[in-house]
Amino acid sequence: MIYSPFESFRNEVKCLLNNALKELYPEVHTELELEIPPPGHGELAFKAFTLARELHENPLVIAKRIQKKISSTIEKGKLIAKVIAENGYLNFFVNIDALASTIHESYMNLGEKYGFNPVKESKRIIVEFLSANPIHPIHIGGARNAFLGDSIARLLTWRGHKVRRHYYVNDMGRQVAIAAYGYMLLGKPKLWTKSDHAIGFIYAVTSTLLDLRKYKINLERAKALGLDEYYSNLLRKIDSLVSVLSELRQQSTEVFDRLVDEFNKREDPEAEINHMIWAYENRDPKTVDLIKGVCNLVLEGFKETLSKVGIFFDSFDWESEITSWSGMTKNILELLKRTKYVSFSKGTLVFNANALINQRPWLRTKLNIPENYEVPPLTLIRSDGTTLYTTRDIAYTLWKFKRADRVINVIGMDQKVAQLQLKLALIALGYEEEAYNLVHCGYELVSLPGMSMSGRRGKYITLDHMIDEAVRRAKVEVEKRSPGLTEDEKQRIAEIVGIGAIKYALISVSPLKQVVFKWENVLSFERNSAPFIQYAHARAFNILAKAGKVARDAKPYKGYIQDPIERDLIILLSKFPDVISEAADKLRPDLLAEYANNLALLFNSFYDKLPVLRARPKELMLTRLWIVRIVQVVLKNALNLLGIEAPKRM
RNA sequence: GGCCCCGUAGCUCAGCAUGGAUAGAGCGCGGGCCUUCUAAGCCCGAGGUCCCGGGUUCGAAUCCCGGCGGGGCCGCCA
């Protein structure tokens with residue numbers, strides 16, 4: 001069974017090279033490293049420089065000698081056509097007919113699943129992603145997470161793993177309590193707009209009021225103590241909060257005024273919120289009802305939004321139920337206390353992560369911790385006895401490992417330290433294997449031009465807004481280009497194209513790069529965008545549709561692949577399964593996005609230059625039709641693995 | 001202050017792990033292509049101190065050291 005044609009070619013090259021090297025230089029044992037040469041120099045290259053240094057010989061001479069040896073052993077009809085020594089490189093040229101028929105063989109076996117490239121040992125993998133706090137709508141930062149996580153889950157499935165998507169509902173945090181507090185102050189009102197948007201508003205107002213109150217208290221103290229600098233500093237902060245509030249007020253004046261009113265009647269909101277956190281952790285029925293209610297309202301909104309972008313979860317894991325009410329976090333705290341890495345400090349329990357590292361210095365290499373970096377201690381419980389996020393996350397992680405061999409957490413880079421502390425805590429508890437199988441798939445955050453987003457201040461662009469805008473703009477394009485379609489068709493295409501554009505924009509950049517959100521970048525419908533790739537797919541599909549029954553006879557005929565564009569296309573198509581394995585193993589969907597764009601680019605050139613249905617003789621037509629078929633399948637699969645739909649027409 | 005990530009064409013980015021053959025795309029700019037499978041397209045062109053300075057090397061965008069600029073983290077937040 002051939003999954004990866006290009007891999008077959010690579011293996012043949014390696015085999016030939018190995019044999020030649022064994023005979024020519026039996027004393028040398030170098031690891032064979034092959035690279036992709038620049039255009040015109042074959043498809044795989046072996047660099048003779050390293051070998052040359054070892055043998056103290058001229059690389060050009062060595063390359064020539066190996067070439068001579070290998071040339072005689074190349075078998076006709078196999079994947080290597082010829083080998084040429086140039087500039088100290090040994091360049092291998094692929095036999096395009098053989099490569100095409102290898103692809104064809106793989107396609108005949110896998111059919112529409114061409115590109116499926118399973119690992120030898122399939123694993124149970126949990127991908128935890130999004131897990132946005134249920135206190136405000138999903139914004140563009142959350143969208144990056146959601147698209148990334150979804151695509152990674154899809155890729156891992158195509159790598160033969162058993163993948164499950166989990167959403168961790170953080171219902172125990174302070175933020176949720178704040179949102180619920182505001183909701184309670186309003187008397188649990190009927191919501192005036194989409195539930196997650198409404199709660200997001202209540203949360204932003206309540207949270208800002210809380211901060212304002214805190215600053216004001218500090219201000220009086222500062223005044224009394226005569227701390228002038230601190231005083232004016234606070235004054236500035238208060239000023240900015242006041243302007244945030246006046247902006248918020250404009251969004252929903254009536255609710256805002258009522259909330260401020262109720263808030264100001266309260267003696268000590270801070271204490272009430274702390275009590276709520278405590279009560280929820282201790283499963284007080286009324287508090288449970290309130291907080292769970294608020295979370296469910298927001299989650300309802302999330303699910304509506306996510307279904308629009310085709311993202312679904314296998315499981316919603318409630319933090320409260322799994323980690324706290326089950327007693328698991330308590331048990332873990334007991335176990336942690338017995339290790340020598342936990343101590344009492346100022347009335348709280350602290351995990352000294354660094355003490356663990358000092359005792360086992362090799363962990364630095366294993367976990368990629370910089371030489372002189374001191375991992376900050378982790379506070380495990382508040383002085384009132386309630387637990388903290390990362391503490392509960394230890395319990396949740398172990399829960400996940402009861403159900404999976406590997407756990408991938410798609411979480412922003414801003415939580416790097418917390419994820420590291422989590423791993424170290426697992427090791428302290430004796431779960432070393434689990435720590436190594438826990439992968440933090442991090443990505444840099446999305447910001448707005450000139451500022452970062454803030455849920456606490458209600459400053460964000462929501463995914464809902466982004467979808468509406470994208471679909472609206474796509475609709476305009478569809479109207480312009482395909483006026484003949486029915487209204488339903490136009491709407492459907494606009495949705496596929498608009499949503500695809502957003503997804504591609506957020507997935508195609510490397511996770512290490514921060515994204516500054518600009519509408520014109522996200523809503524691009526030109527090259528290097530989802531619509532560009534979708535368009536190429538629609539064109540390919542169209543040719544196949546026009547070919548009708550003839551398409552069934554499409555296959556590569558020997559000697560009919562002559563144009564360089566056809567050659568390049570076939571080589572690129574042969575690499576698709578390789579790209580899948582690399583993107584999946586490295587958790588880098590952006591690599592797949594780049595591949596899809598390159599394939600679309602090349603296919604469009606092919607489309608423009610070489611006629612398919614009108615090509616004669618018949619063998620040429622059928623060969624080209626076959627190329628179109630494989631391009632269509634690969635583009636569709638690549639798009640789908642990015643979570644993007646491949647339209648049949650546009 | 002300590003640590004992490006990023007810095008490549010006017011703009012958005014790929015390439016950097018494993019150093020090697022002319023540093024690649026897209027947007028934008030200039031020019032050309034629709035009686036031929038959908039022009040959301042194709043072709044041609046201009047455009048680069050690969051942030052700066054050292055070092056390692058026969059060879060550095062890529063590795064090391066030191067700066068500069070942007071972002072993040074260092075909480076009884078998540």
Query raised in the report: Can you check B/C51 for me, syn or anti if syn means within 90° of 0?
Result: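 This nucleotide is in anti.
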From the list [options], which nucleotide is the closest neighbour of the side chain of [X]?
| X | options | value |
| --- | --- | --- |
| A/F49 | B/G20, B/C73, B/G41 | B/G20 |
| A/I493 | B/A40, B/C6, B/C43 | B/A40 |
| A/E86 | B/G41, B/A21, B/C74 | B/A21 |
| A/H41 | B/G41, B/A21, B/U12 | B/A21 |
| A/L601 | B/A78, B/A25, B/C37 | B/A25 |
| A/Y389 | B/G15, B/A78, B/U57 | B/A78 |

Measuring only the [atom1] atom in each nucleotide, how far is [N] from [M]? A whole number of Å is fine.
| N | M | atom1 | result |
| --- | --- | --- | --- |
| B/A17 | B/C63 | P | 5 Å |
| B/G10 | B/C73 | P | 32 Å |
| B/C44 | B/G53 | P | 35 Å |
| B/G71 | B/G19 | C1' | 29 Å |
| B/C50 | B/U62 | P | 10 Å |
| B/G47 | B/G28 | C1' | 11 Å |
| B/C68 | B/G30 | P | 41 Å |
| B/C3 | B/G20 | P | 29 Å |

Counting the atoms with a prime plus P, OP1 and OP2 as sugar-phosphate, which does [X] contact under 4.0 Å by heavy atoms, base, sugar-phosphate, or nothing?
| X | value |
| --- | --- |
| A/T348 | base |
| A/S510 | sugar-phosphate |
| A/A536 | nothing |
| A/I369 | nothing |
| A/V478 | base |
| A/Q514 | base |

Using atom [atom1] of [X] as one end and atom [atom2] of [N] as the other, report the distance to the nearest whole Å.
| X | N | atom1 | atom2 | value |
| --- | --- | --- | --- | --- |
| A/Q415 | B/C74 | CD | P | 9 Å |
| A/H139 | B/A78 | NE2 | C1' | 12 Å |
| A/I381 | B/G75 | CD1 | P | 18 Å |
| A/M453 | B/G71 | CE | C1' | 13 Å |

Counterpart base for [N], defined by Watson-Crick or G-U wobble contacts under 3.5 Å:
| N | answer |
| --- | --- |
| B/G66 | B/C52 |
| B/G1 | B/C74 |
| B/A25 | B/U12 |
| B/A39 | none |

Query raised in the report: Closest nucleotide of RNA chain B for A/V516 versus for A/E319: which of these residues is on the 5' side?
Result: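 Closer to the 5' end of RNA chain B: A/V516.
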Requested in this report: Would you kindly compare A/Y373 and A/L445 by the position of their nearest RNA chain B nucleotide and give the one closer to the 5′ end?
Outcome: A/Y373
Query raised in the report: Are the ring of A/Y89 and the base ring of B/A21 both nearer than 5.5 Å at their centres and tilted by less than 30°?
Result: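 Stacking is present between B/A21 and A/Y89, given that their ring centres fall under 5.5 Å apart and the planes under 30°.
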Requested in this report: Run the numbers on A/Y535 and A/N604 for side-chain hydrogen bond (donor to acceptor under 3.5 Å, both in side chains), then give the verdict.
Outcome: CA-CA 9 Å; A/Y535 185 64; A/N604 276 331; over 6 Å; no
If you compare every side-chain N and O of [X] against the phosphate oxygens of [N] (OP1, OP2), does one of them come in below 4.0 Å?
| X | N | result |
| --- | --- | --- |
| A/K513 | B/G7 | yes |
| A/R588 | B/G15 | yes |
| A/R392 | B/A78 | yes |
| A/T386 | B/C76 | no |
| A/T379 | B/C76 | yes |
| A/R527 | B/C42 | yes |
| A/R481 | B/A40 | yes |
| A/R382 | B/C76 | no |

Query raised in the report: Charged N to carboxylate O under 4.0 angstrom, A/K330 versus A/E281?
Result: no
Requested in this report: May I ask you to say whether A/K490 pairs ionically with A/E479, meaning some side-chain N is under 4.0 Å from a carboxylate O?
Outcome: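 A salt bridge links A/K490 with A/E479.
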Query raised in the report: What pairs of residues pass the side chain to side chain donor-acceptor pair (under 3.5 Å) test when at least one of them lies in residues 365-382 of chain A, not counting sequence neighbours?
Result: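 Those involving residues 365-382 of chain A are A/R382-A/T386.
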Requested in this report: Step by step, work out the ring-ring contact (aromatic ring centres under 6.0 Å, His included) result for A/H41 and A/Y89.
Outcome: CA-CA 9 Å; A/H41 298 272; A/Y89 286 88; 8.4 Å; no
Report task. Take A/K400 and A/N409, measure what side-chain hydrogen bond (donor to acceptor under 3.5 Å, both in side chains) needs, and give me the verdict at the end. Result -> CA-CA 11 Å; A/K400 285 188 280 191; A/N409 291 343; 3.0 Å; yes
